[in-house]
Amino acid sequence: MNATPLVGAIEAGGTKMVCAVGRTWREVRDTPAHVVPTTTPDETMARVLDWFAARHAVTPLSALGVASFGPIDFAADAIATTTPKELWRGFRWRQAIATRFGDLPLGYDTDTNAAGVAEWRWGAARGRDVSVYVTVGTGIGGGIVVNGVPIHGLLHPEFGHMFVPRQAGDDFVGTCPSHGDCLEGLASGEAIARRWRRAGRELDANHPAWELESSYLALAVVNIVMITSPQIVVLGGGVMGVEGLIERVRHKVRTAVNGYLPRAELSTNVDRYLVTPGLGTYSGVVGAFALAQRALDAGPAST
Ligand SMILES: [Zn+2]
């Protein structure tokens, strides 16, 4: 008999839902996940919940955690009506999961908040009072974790939609449907692809795209550092996988801060301050696992 409860984890993205079960974060990371394409809520959730129900029939799950795309309107308990994923506007995780699992404890949060919690518990931000996780992928998002708790506030942080000074010579209009040339509009994976008319993975490490990209990301990181004073900044997401990009961002952050913050983290030790995720590409699904564990501790039907 295994005393550690089995819980389910869903990393809910705009293109796919990554589903896993496990008793420990390592089990969640190391067991091949079940992947369902994100289409309509009805079709996607039927497939996701069928899979968890089959696992549940073998060994009952004690809780579920969801690391979801956003924005999420926590007051309304729903995906915000401003999400670009139109079919999912107003979608309610709690309601959808309750149709099959009743009052099974459920924890849900944004994918970036969840990843931030996972990095704080088991990854690169362990032991930090204040840490920040930023993901640069198709979109840009981020979370602030204070003593293990992701901050929400009005809704939750939306780092991707901050404004950064446009770089000289860059006349790209930007891709954000709400703001045009916000950070996400200028520096997300989608922005890279539309500006250069090729996906980022097809651009070699010396392409001018990365000089521009590192400038925008460094400005964003400096804003984050000046506002939240984190003890570590974790930069994840597919775009950060580009060879040499994080080194360029570190260099530009250090240059922009210009010695103003009297800490080695912003000068000689910047390579240990601006880091890639300790959990690699698993921060999201492991974050969902962390939310499930937290919901289990809190009891039925709590966030
Ligand atoms: Zn925007």
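All values below were derived from every heavy atom in this structure, side-chain atoms included, with hydrogens, water molecules and symmetry-related copies excluded. Heads up: numbering here begins at 1 and tracks the sequence. In each ligand, atom 1 is the first atom listed, and ligand 1 is the first ligand listed.
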* Search all heavy atoms of R89 against all heavy atoms of T83 and return the closest pair with its distance. => NE-O, 2.7 Å

* Asked: What protein N, O or S atoms come within a distance below 2.8 Å of the Zn ion (ligand 1), ordered by chain and number?
  -> H161 ND1, C176 SG, H179 ND1, C182 SG

* Structure fact -> Between S188 and the options V239, I140, L183, the side chain to side chain contact (heavy atoms under 4.5 Å, CB included) test singles out I140

* Atom CD1 of I97 and atom CG of D103: how far apart are they, to the nearest 0.5 Å? -> 13.0 Å

* To do: Measure centre to centre between the rings of Y108 and F74, then say whether the value is under 6.0 Å.
  => yes

* To do: Let me know which of D111, V18, L279, I10 forms a side chain to side chain contact (heavy atoms under 4.5 Å, CB included) with V285.
  => V18

* Neighbour count above 12 (heavy atom, 6.0 Å) for Y216 OH -> yes

